[in-house]
Colleague: 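This is the structure I have questions about; it appears just below.
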Amino acid sequence: MPTDCISYQTSGYFSKLIQDYLDQKSELKPLYNHFPTLENFEKQIAEKASNFDNRNRIPLVSTLKKQYQNIEISDSTKQNIELLSLENTFTITTGHQLNLFTGPLYFLYKIISTINLTKELKSKYPSYNFVPIYWMATEDHDFEEINYFNFKGKKFRWNKESTGPVGRLPTEGLAEFFEIYSQELGSSTNANTLKKLFEDAYLKHNNLADATRFLADSLFSNYGLVIIDADDADLKKAFIPFVKEELENQTSYKAVQKTIENFNDYTVQVNPREINLFYIEDNLRERIIFENDKYHVNNTRISFSKEEIFSLLENNPEKFSPNVIMRPLYQEIILPNLCYIGGGGEIAYWLELKSSFEAVKITFPMLLVRNSVLLTTEKQAKKADQLNLTWKDLFTKQENLVNTITHKISAFPIDLTPQKESLKTQFQYLYELANQTDKSFSGAVKAQEVKQTKGLENLEKRLLKAQKRKLSDQLQRVIDLQCELFPNNSLQERQSNFSEFYLEKGEQLVPLLLQKLKPLEMNFNIITI
């Protein structure tokens, strides 16, 4: 194949907002701080160092040590946790839901982007330390989004009821799920490694947060990844003043609403609530709303006066959970963070938030679109070559791809554009003739032109359809290959689970991806495994 990457902008899978952000369009500059280049990190470091409350490092380190106490962690992760107590240490963060067995492939790409960026920064700025952080979305409550993964075209779903924060969800009942999944894996060495990984993560840990921490640590601890569960009372103490501000003044709502009113041609990713906070307990996570001078917990009978809710906040900050609008702010308060790495949808909603950070005087992080990858086998790459397909061809929507290939391999031209241009020239003469005689004759000329042009267009469509039938065998091979690489006509990274590829590459998979991917190049990578 002629190239091993294509730009995000030409891949066809990124919104106009993200394309314009990557192109650094001037109208978007008010929505972010510094664009993610290696050189710009110097400015971000200076801003974060002057703005971050270093007292928050103490509970951060102690909480991480507490959360890791039941895991045998690598020296590099242990060292990185200790480094977080130093004022010259900064973080690069990605976040992800607690998807069962990591969920879709891009879980890996997020973390790999994060690890690789810390390496590049250490090389460029050796006097500072940079720690890769995976922020587990333990406080989310939408279990239906995370209770499954796809393996070789089959969906494996964990059927269980859940209403509270997913991180606190007990893992009991996964033994039967494991038995079904393990049968699909087979009995190879790599399959047995995957079985043990699943068993050790989910059958030997009591809740989803602990299981996910163990799983991510098993995959990435050798690279110093630090995993944080921010559903913690000690961490939330630093967030108390900002929760109070939100409850009393609805600051984030006002700021974000003003920003999205000027989005014009862009799709708004998330809309703010008047209060962007949840009330949480083990089996409950519901919005806090303000009505009739009382703070109510939605869909419950729980309510508080202003004095009561502020007292609860001071004594039990763990009962307050930020929603998608305020979670980024919480992250930037407790972490000495420089950059957030996420997918296109995540970066799109972060671009709505800068004004809310400014309103509470917290430094807004740099925003980096994570690495995206299409994994292909040598056999698939060879097949694409034999079919004379480029990677750009394969990223094209299927209907357009089939049309393009039909035109390309047809023994004669299907495009009747020359004939339509010739017809247009002939009718130009008739228009001139009509003007010289009776101008009312122009209407008849126009009607005839439309009729004959439409006739040619219909012939063109029928010709294309006939050629598709004639070339159906070759076209089916193209379709089959695209369906292999783009399951369900979607990106592989959004559909497939890492275990499918681990079966082939085993423990070489993560090192291969770490070696191949460059976080700041921001291209869609095609990697042959």
Side-chain angles (χ1 to χ4, degrees), residues 95-98 135-147 161-169 208-209 229-233 235-261 268-334 345-346 348-350 352-353 355-357 359-360 362:
H96 196 65
Q97 295 170 298
L98 305 189
W135 179 291
M136 295 194 296
T138 54
E139 295 178 56
D140 283 3
H141 62 279
D142 196 342
F143 184 60
E144 292 299 313
E145 286 188 358
I146 66 167
N147 68 346
E161 292 294 321
S162 173
T163 53
V166 293
R168 304 180 190 182
L169 182 68
L208 200 51
D229 176 2
D231 183 8
D232 182 273
L235 291 178
K236 285 188 176 176
K237 285 175 185 175
F239 196 43
I240 288 173
F242 302 91
V243 173
K244 194 175 288 186
E245 174 72 19
E246 181 71 5
L247 289 170
E248 197 161 23
N249 299 314
Q250 292 83 56
T251 306
S252 60
Y253 171 78
K254 293 169 186 173
V256 175
Q257 192 64 32
K258 190 173 180 181
T259 297
I260 64 178
E261 282 170 4
V268 173
Q269 192 72 15
V270 292
N271 286 288
R273 303 281 190 181
E274 288 189 358
I275 295 176
N276 292 283
L277 297 164
F278 288 93
Y279 176 87
I280 59 171
E281 294 177 357
D282 282 348
N283 295 308
L284 177 70
R285 188 177 188 245
E286 285 284 354
R287 288 193 298 120
I288 297 172
I289 55 178
F290 186 69
E291 287 179 349
N292 303 321
D293 293 326
K294 285 266 191 178
Y295 292 93
H296 301 271
V297 178
N298 199 37
N299 294 322
T300 75
R301 294 183 177 181
I302 303 170
S303 66
F304 307 95
S305 67
K306 182 178 177 180
E307 292 75 19
E308 288 169 338
I309 203 165
F310 281 3
S311 175
L312 180 69
L313 175 61
E314 291 292 340
N315 295 311
N316 299 97
E318 71 279 6
K319 289 187 178 290
F320 295 81
S321 175
N323 74 352
V324 67
I325 294 289
M326 284 198 75
R327 189 211 67 79
L329 179 64
Y330 178 36
Q331 170 189 297
E332 296 302 309
I333 288 161
I334 65 174
E346 287 177 282
Y349 84 70
W350 272 86
E352 299 177 20
L353 304 180
S355 58
S356 65
F357 276 71
V360 293
I362 295 294

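Positions are given from 1 along the sequence.
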Colleague: After noting the C-alpha distance and the side-chain angles of T163 and H141, does the key distance pass the side-chain contact (heavy atoms from CB on, under 4.5 Å) rule?
Modeller: CA-CA 6 Å; T163 53; H141 62 279; over 6 Å; no
Colleague: Closest heavy-atom contact between I334 and L235?
Modeller: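 The pair with the smallest heavy-atom distance is CG2-O, 3.6 Å.
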Colleague: The test is side-chain contact (heavy atoms from CB on, under 4.5 Å); show your working for I280 and R168 and say whether it passes.
Modeller: CA-CA 11 Å; I280 59 171; R168 304 180 190 182; 3.3 Å; yes
Colleague: Which residues pass the salt bridge (charged side-chain N to carboxylate O under 4.0 Å, His left out) test with E286, sequence neighbours left out?
Modeller: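 With neighbours one apart ignored, the set is empty.
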Colleague: Ignoring hydrogens, what is the shortest heavy-atom contact between K236 and P317? Give both atom names and the distance.
Modeller: CD-O, 3.4 Å
Colleague: Using a 4.5 Å cut-off on heavy atoms from C-beta on, say whether the side chain of Y279 contacts that of K319.
Modeller: yes
Colleague: Is any side-chain heavy atom of Y349 closer than 4.5 Å to a side-chain heavy atom of P328?
Modeller: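 Answer yes - side chains close enough.
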Colleague: Suppose we screen for ring-ring contact (aromatic ring centres under 6.0 Å, His included). Which residues come up paired with F320, at least two apart in sequence or across chains?
Modeller: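 Listed in chain order: nothing, the list is empty.
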Colleague: Check whether any side-chain N or O of S355 sits under 3.5 Å from a backbone N or O of A255 as a donor-acceptor pair, and report yes or no.
Modeller: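 Between the backbone of A255 and the side chain of S355 there is a qualifying donor-acceptor contact (under 3.5 Å).
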Colleague: Side chains of L353 and V256: closer than 4.5 Å at any heavy-atom pair?
Modeller: yes
Colleague: Within this structure, what is the CG-CG distance for the pair N271 and N276, rounded to the nearest 0.5 Å?
Modeller: 10.5 Å
Colleague: Shortest non-hydrogen contact from L208 to V166?
Modeller: CB-O, 3.3 Å
Colleague: Hey, could you give me each pair passing salt bridge (Lys or Arg N to Asp or Glu O under 4.0 Å) that has a residue in residues 242-252? Not counting sequence neighbours.
Modeller: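 Salt bridge (Lys or Arg N to Asp or Glu O under 4.0 Å) check on residues 242-252 returns K244-E314, E248-K306.
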Colleague: Going by side chain to side chain donor-acceptor pair (under 3.5 Å), name the residues that satisfy it together with Q269, two or more places apart in sequence or in a different chain.
Modeller: none
Colleague: So which heavy atom on L277 is nearest to which on P322, and how close?
Modeller: CD2-CA, 4.1 Å
Colleague: Rounded at 0.5 Å granularity, tell me how far OG1 in T251 sits from CZ in F357.
Modeller: 13.5 Å
Colleague: Once salt bridge (charged side-chain N to carboxylate O under 4.0 Å, His left out) is applied, do any residues pair with K258, and if so which ones, sequence neighbours excluded?
Modeller: none
Colleague: Which atom pair, heavy atoms only, marks the closest approach of I289 to R287?
Modeller: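 Scanning both residues completely, I find the closest heavy atoms to be CG2-NH1, 3.4 Å.
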Colleague: Go through the structure and list residues passing ring-ring contact (aromatic ring centres under 6.0 Å, His included) with Y295, not counting sequence neighbours.
Modeller: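 Testing Y295 for ring-ring contact (aromatic ring centres under 6.0 Å, His included), a comparison that skips the adjacent residues, returns F290.
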Colleague: CD1/I302 to CD/E281 distance, rounded to the nearest 0.5 angstrom?
Modeller: 5.5 Å
Colleague: Once rounded to the nearest 0.5 Å, what's the spacing between atom CD1 of I309 and atom CG of L247?
Modeller: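 These two atoms lie 5.0 Å from each other.
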Colleague: Do T259 and S356 have side chains that approach each other closer than 4.5 Å (heavy atoms only, starting at C-beta)?
Modeller: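 With C-beta onward as the side chain, the pair stays apart.
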Colleague: Nearest 0.5 Å, please: how far is NE2 in H296 from CZ in F304?
Modeller: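 Between F304 CZ and H296 NE2, I get 11.0 Å after rounding to 0.5 Å.
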Colleague: Which heavy atom of P165 sits nearest to which heavy atom of D282, and what is that distance?
Modeller: CD-O, 3.6 Å
Colleague: Would you give the length of the straight line joining atom CZ of R327 to atom CH2 of W350, rounded to the nearest 0.5 angstrom?
Modeller: 6.0 Å
Colleague: Can you find a heavy atom in the side chain of F278 that is under 4.5 Å from one in the side chain of E139?
Modeller: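 Not in contact.
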Colleague: Under 3.5 Å, side chain of D229 to main-chain N/O of D231, donor-acceptor pair present?
Modeller: yes
Colleague: Under a 4.5 Å cut-off applied to non-hydrogen side-chain atoms, are Y330 and V243 in contact?
Modeller: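 No, every pair of side-chain atoms sits at 4.5 Å or beyond.
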Colleague: Using atom types as modelled and distance alone, determine if a side-chain donor or acceptor of N323 lies under 3.5 Å from a backbone N or O of I325.
Modeller: yes
